[in-house]
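Values below: all heavy atoms of this structure, side chains included; hydrogens, waters and symmetry mates excluded. These numbers were taken from a predicted model, which means no experiment stands behind them.
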Amino acid sequence: DVDSIVILFMRDFFGLLFFSPFVVQAGFKGFKTSRPVLQLIRVLCMLIAMGCTYYAYRHLPLALATSIGMTGPLFTTLLSMLLLKDAVSFSKWALILFGYFGVIVMVRPHDMPISMGVWVELFANLFAGFTIICTKLLSRTDSTVTIMLYTTTITTFIAGILALSVWKTPALPDMMILVA
C-alpha cells in the first residue's frame, strides 16, 4: 500500500536518523571532500539503483526480483574492469558468464517476453555497480564518515522532495515495518 518513492524516502530518512550521532560528531567538517562531484554522482547512482530495485520488487515475483538482484556483483566486476582497469582472470570471466547464464535460466525468455520489471532490476544492478565503483574511488581520499554523510543527507533530501508528490502517511503497522 505504500508508494515506492515513500519507501525510498523512509529508508533514507531512518538511515539518516540512525546515522545522526556520526553527523553530530563530525559536524560540518565531515562534509569536507576533495571530490564533491564524485560524491554527487555516487549519491545519484545509489538513488537510481534503490528506486529501480523497489520498482522491480513491486512489479515482479519476489523470488525472481531477488534472483536477478543477486547479479549485481557481475555488473560490478565488469565495471571495475572497464573503468578501473582491474584485471579479471579467466576463472572470473567463466563465473561471470555462468552467472549471466543463470539469470537467463531464471528469467526464461523463451517462456515469456521479458517484462519491464526485469529490465528495471538489471538497470538497478548496473547503477549499484556504478555506486560501488564510485565508493572505491572515494575511499582513496575521503573517510567512510564523509562518504556516508553525503549519502544519507543528500538521498534523504532528494527522496523527500520526490515523496512530497505522492505522500500518504503510512498506517502504523506499515510504519513499524518501514522503521525496522
Compare all side-chain heavy atoms of Val2 with those of Met10 and state whether any distance is below 4.5 angstrom. no
Do Thr66 and Tyr57 come within less than 4.5 Å of each other through their side chains, counting heavy atoms only? yes
- Query: Taking side chain as C-beta onward, heavy atoms only, is Val145 less than 4.5 Å from Leu149?
  - Reply: yes
Leu137 backbone acceptor or donor facing Arg35 side chain under 3.5 Å
yes
Q. Are Val166 and Val120 grouped together when hydrophobic residues (ILVMFWY) are joined by side-chain heavy atoms under 4.5 angstrom apart?
A. no
Does Phe31 CZ have over 12 foreign heavy atoms under 6.0 Å away?
yes
- prompt: Below 4.5 Å, heavy atoms only, C-beta onward: do Leu64 and Ile68 meet side chain to side chain?
  reply: yes
When Leu83, Thr135, Thr76, Ile41 are each screened for side-chain contact (heavy atoms from CB on, under 4.5 Å) with Phe130, the one that passes is Leu83
Are there more than 12 heavy atoms of other residues, nucleotides or ligands under 6.0 Å from atom CH2 of Trp167? yes
Crowding at CZ, Phe18 (>12 non-hydrogen neighbours, <6.0 Å):
yes
key: Common cluster, Val6/Phe13, ILVMFWY with side-chain heavy-atom separation under 4.5 Å   = yes
Discussion item. For a 4.5 angstrom cut-off between non-hydrogen side-chain atoms, does Leu47 reach Phe127?
Written reply: no
Quiz item: Going hydrophobic residue to hydrophobic residue with side-chain gaps under 4.5 angstrom, can you get from Phe75 over to Met70?
Solution: no
Taking the side chain as everything from C-beta on, heavy atoms only, tell me whether Gln39 gets closer than 4.5 Å to Thr146.
yes
Transitively linked via ILVMFWY side-chain contacts under 4.5 Å: Leu82 with Leu84? yes
* Asked: Is Met175 atom CE crowded by more than 12 heavy atoms from other residues, nucleotides or ligands, each under 6.0 Å away?
  -> yes
For this session: Following the transitive rule for hydrophobic clusters with a side-chain heavy-atom cut-off under 4.5 Å over Ile, Leu, Val, Met, Phe, Trp and Tyr, establish whether Leu17 and Leu178 coincide in one cluster.
Result: yes
Note: Gly69 and Asn125 closest approach over all heavy atoms is O-OD1, 3.6 Å
Carboxylate-amine/guanidinium contact Asp86 Lys136, below 4.0 Å
yes
With Met46 as partner, the option from Thr151, Asp12, Ile132 fulfilling side-chain contact (heavy atoms from CB on, under 4.5 Å) is Thr151
Q) Can you tell if the side chain of Leu8 reaches within under 4.5 Å of the side chain of Thr155, non-hydrogen atoms only? A) no
**Asked** Less than 4.5 Å apart, any side-chain heavy atom of Phe9 and any of Thr156?
**Response** yes
